Amino acid sequence: MTDSIDRRRFLKVLGVTSAGAAAVTACGIGPEPTERLIPYLVQPEDQIPGTATYYATTCRECAAGCGVRVRVREGRAVKLEGNPDSPINRGRLCARGQAALQGLYNPDRISHPLVRNASGTFEAIDWDGALLRLSAKVREAQGKGIVFLTGAEQSTFGDLVDEWMKQVGGRRMSYEAFGFEALRAGNRMAFGTATLPSYDFANAKYVLSFGADFLDTWLSPVEFQNGFSRAHAFDAGRPASMAKFVYVGPRLSLTGMNADEWIAARPGTEGTLALAMAQVIMSQHLARVPADASRLVSVLGAHRPSAVAQAIGIDEATIVRLAREFARSGGGLAVAGGMATQGANGAATVAAVNILNYVVGAVGTLVKFGADLAIGSTNSFAELATLTSDMAAGRVALLFVHGTNPAHSLPGAFQQALDKVAYKVSFSSYLDETAAACDLILPDHHPLEQWGASRPRAGITALQQPVVQPVFDTRPTGDVILKLAGKAGTFEEYFKGKVGPRVQNNADQFWLEKLALGGIYGTAPTRAVRLATDLSAVAPSLEKTSGPAGVEEQTVVVFPHPALHDGRGANKPWLQELPDPVSKIAWHSWVEVHPDTAAKWGLATGDFLLLKSPFGAQKFPTWITPSVRPDVLAVPTGQGHTAYGRYAKDRSANAFELLGAQATAYGGRAFIVSASATKTAEHQRKLATIEGNARDLGMGTTEVLPLARAKALRPGDHPFHFEETPEYAKDAVEWWAERQHEQAEIGNYKGEQPRWGLAIDLSKCTGCSACVTACYAENNIPTVGEELTERRREMAWLRLERYWRVDEHDNVQGAVSQPMLCQQCGNAPCEPVCPVFAAYHTPDGLNGQVYNRCVGTRYCSNNCPYKVRYFNWYNYAERDGKYEAFPEPLSMLLNPDVTVREKGVMEKCTFCVQRIRGAQNQARLENRNVRDGDIVTACQQTCPSEAIVFGDLNDRHSRVFELAGNPRGYHVLAGLNTKPAITYLARVVAQDTTSHG
Amino acid sequence: MVLILALPPAALSGQQAQSASSQSSRYQAPVISDTGALKGPRQPIFFRHDIHAGQDQIPCMYCHYSASISSEPGIPSLQTCIGCHQLIGGTTPAHQAEIKKVRDAWRERKPPEWIRVHALPGFVRFPHMRHIKALGTTACVTCHGDVQKMAQVAQVSTLRMGWCVSCHVKNNVTRDCSVCHY
């Protein structure tokens, strides 16, 4: 050894050799760590390694009760899909449902029971010790006030809690931050029933929403979106038609964005508008009105358009036109909710809209009572306020909390009242604000880990079954309660006893069948309703109780964030990183300010505005948008947690702080407050947004057709302008690509191949962004966090671009949402510039990206005109790395069929190539060809509107081929001659004369 | 003599059960005295493919049951081993010592942690079932070598991409990158 080799290096080399000896000889490819293969002890019958097993269960992320099928690989849940057997969601699933996986494998889950010790911190305790302690507490507290607080829990679990509470002399209460009290009270006022009906959007011919956000947070969004899409998408049949959608509200929510017309009525006047329309319909005999509606004449008499137009802020002619359109459609459906029913006159607004429906005959046809939606069965906010004061007065000795987080949505009052409760027990899986204030935490299983049966609506029992072994040392709360109640058996046995067949001898067969279906599905009979006898309270008061009190005061609307909702989604990075469909802002809250108002106040985007209501104050960064009334400010809920894990804690502002704890007259909560707005001295922040430009700028990215024009289209028409190639370039442009492909027809490129393509119907796409989260889940896309999103380094392969739609007066009427993803161009600009052939064209028409060849020059992304290529700037998969995207156990949800990319590698949409190959493999095993419909991309599968269709463009019988030839079809940036494989079908708008409040 | 029971194969296809009358041409696994001279990683239990697959002619897919239906070939569960070895205790002290390890593992409910021999990097997807479908259920030796003669499994093919591609070219099947890399 003549070369001097220093000791350090020698030892390093020695260390590698000795530790890695086994590894290097074992695999012979490179210094990879030795892998071990650990076999099963006993092979489970239904698992085949390398293939997935699907289990049906129910999503519990909201009260809608959609059925899901969970794809399980080797005992890990890796993807949720909608269950096609469920009549609620019919195989579709929203972003919140997709993100349930991140709740199951959340790194901040409570992994074992915790008890608060003498010094006030939590320490671990074993289950038996915890239950002993709790039994003693229950005995102590009997007679002194025991309350069990749940979320919306119309389920067997809720029944068990009711039974137990009766046994110990306590009571159960249920609380949802958005409890639809106005809907229930308004239904009682108009029809004498405080239950919630089902709404048949699919058969509506005209949809009129008074604030009801039925596409994002109102009642059952996936179901309604699916039905709405059937009605509202352009049907090119004979006759060609579409249902017009008009949205009445002070701001454009996700639902409002999809309207053909936006009526920006003054906040609080929506009910008056409904009655004015009803008045026109009745007085002008525009519909076959039910006989007993004659009783309405007196109420409606005061609501002639001429009398109320000024108060509403809409001109008379528009009111009359709307009434005529609504009645003449022959299938008008009016829904009320959201911002229109969150003021002091919320219930009366609902009653007014009920009357409008009644007058056109929608009640009993499109609005069917008897469904009794579960969300309508919770206690009202007024009842919770009573509980809070009971707690504060020391009348509750023992409080249990399960599946709800009132300390976040009622930050002041409930937090303080909690301190006065002698002993508090939480069953939460996460250390949220309420759990953090409790004395004992007995973490429940995640809904995907446990048995259960819930009744999201009458006639449907949605079944839950465990799809994976419990990840942590948790126990189903049902089991805990049975133990505390001194009953034998598990919750599984209890619920099977309640829900199972009466005759036990075919119980196994029953369960096999029903669990595979995911539920026991029946239809509840429709309950006929009549107009209530006393209609005196129906007319909504126009008193500006919810309006500004002083000159300095602004009307602030607090609305539920579509993904984070009442804050429960904030601990899931997929939902935090999901750009809000309207504002395209991720990871933080904002306040929506109209450009005129911003100009008046000298506000720039990102300036912090301090909103101070009589109840609290919070700062929000400004987002200037034309989609809100100039006299209204809007802030979303969901952020501002003080606990709840690393993704939620200490992030942005909590809009619930601005709201009061007093119930309104109808027992609900006022989400519209007056607040002063002052610009703070705090420095501006850069908004974490993925948005480029809110205007299409005539690029032809989104095409919109008026309904009349769409109806007149014939096959073969080309209604969209595209650049004609100049003569001197014709050869080059039109022949060059063809010549290249001809010359390249060697080897694999020879012969008949599929050409994979997509068709996206913009008439169906609502911008809900379920596809975005589904893509994250399917393709192991890392979440980059707030800092990197601000720096525009988001990794989403599929983004939704939102372009405002303006009328001839430059007023916003709605928006067009366009999913933008790799177009898999036939003449791709990214392919010729890759120096190492990592980006290349596959024989079956995909723009392939080979991760292991990529060296990271990023020339491909530079050349891409659609900007749909994403670079891994950091090692997002690195354990304990700075931008770690999958901290344990979040890495368990990674899809084993897709490579996890390293730093320095470019990635982009692959048309779910793993699913394409999977279907091809399956077809080969079965000795057949791939059929149209075998391959379903993740985005297509989850889309509640069924807007995306995948297939083989070379197969003349495929759906995608037919759609690609549709006259409404066009390519984005077609003039660049990229020959994309994605055909977009233009949005059709039922345009008429427009109005703006 | 090793006791031969009627073995119900889990996924028998393509291979015929050998009858006892062809004993004269039967392969006899040698006695191994120097395990250190064997190629391949040392496994927690000295499982001999030359005895099981060679001498006893157990078909590959009796244990590696999912090779024809899945990307993963499947490593046999301990239940598969115990199926025979609850009765077969071994004839020589060496064999008995190893079989005792199997029984101990079953009793203690701790399956052995085998050292993986054939591993591809994370950016490659190799579908076993496509290859079995194309080449047949006896084609395991094509890539894994003559496992039936191996006392200790060692990797004999490089498993590098060039080796894969040359076989694809020879058999005139696809060489498209996105078939294996996604």
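Just so you know, these numbers use all the heavy atoms, side chains as well, and skip hydrogens, waters and symmetry mates. Convention: sequence-line order gives letters A, B, ...; per-chain numbering from 1. Everything numeric here is computed off the predicted structure, so don't read it as measured data.
Contact of B:Lys39 with chain A is not made at all, since no heavy-atom distance falls under 4.5 Å. Contact of B:Ile69 with chain A is made through backbone and side chain together, with heavy-atom distances under 4.5 Å. B:Val179 touches chain A through backbone and side chain together, each having a heavy atom under 4.5 Å away. The parts of B:Arg175 that come within reach of chain A are both its backbone and its side chain, each placing non-hydrogen atoms under 4.5 angstrom from that chain. Contact annotation for A:Asp897: only backbone heavy atoms (N, CA, C, O) come within less than 4.5 Å of a heavy atom of chain B. For A:Thr51, the parts sitting under 4.5 Å from any heavy atom of chain B are the backbone and the side chain alike. With a 4.5 Å cut-off on non-hydrogen atoms, B:Arg109 touches chain A through its backbone and its side chain both. Residue A:Phe837: no heavy atom, backbone or side chain, is found under 4.5 Å from chain B. At a 4.5 Å heavy-atom cutoff, the contact between A:Asn921 and chain B is made by backbone and side-chain atoms alike. Interface remark: B:Pro73 contributes no atoms to any contact with chain A (heavy atom separation under 4.5 Å).
Electrostatic pairing of B:Glu108 and B:Lys110 does not count as a salt bridge here, judged by no charged N lying under 4.0 Å from a carboxylate O.
Distance check: A:Phe911 CZ to A:Ile982 CD1 gives 4.0 Å after rounding to the nearest 0.5 Å. Distance check, rounded to the nearest 0.5 Å: CG of B:Leu135 to SG of B:Cys167 gives 6.5 Å.
Taking the six-membered ring for Trp, A:Phe950 and A:Trp756 have ring centres closer than 6.0 Å. Less than 6.0 angstrom separates the ring centroid of B:Phe126 from the ring centroid of B:His131. In this structure, B:His181 has its ring center no closer than 6.0 Å to that of A:Tyr851.
The residue among B:Ser71, B:Gly40, B:Pro112 with the most heavy atom pairs within less than 4.5 Å of chain A is B:Pro112.
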